[in-house]
Amino acid sequence: MPVTLRTTLCEIRDDLHVLRRMVASRGHIETIQGIDALIGVAEAEAIKVIRRIDRAA
């Protein structure tokens, strides 16, 4: 897999976790749950893409 794509996926994941921490510090529980759901979907999709790219390589 190209390093830049893997790096981009990791940066997006890291940014979502930063956003979650910022929202958590303000106590917005419903927003935290929404962000957690987005993180889960993003990680699942990233894994699918990484596997497809690795298989093609």
**OP:** Quickly, which of I47, I53, V49, D54 forms a side-chain contact (heavy atoms from CB on, under 4.5 Å) with R51? Name it, please.
**Re:** I47

Original post:
Can you list every pair that meets side chain to side chain donor-acceptor pair (under 3.5 Å) and has a residue in residues 13-29, with sequence neighbours left out?
Top reply: R20-D36

Subject >> From CD1 (I35) to CE (M22), nearest 0.5 Å >> reply: 8.5 Å

Original post:
Do the side chains of I29 and L19 join up, straight or via other hydrophobic residues, at under 4.5 Å, putting them in one cluster?
Top reply: yes

**OP:** Output all residues satisfying salt bridge (charged side-chain N to carboxylate O under 4.0 Å, His left out) with E45, sequence neighbours left out; order by chain, then residue number.
**Re:** K48

Original post:
Does L16 have any side-chain contact (heavy atoms from CB on, under 4.5 Å) partners at least two apart in sequence or in another chain, and if so, which?
Top reply: I12, I39, A42

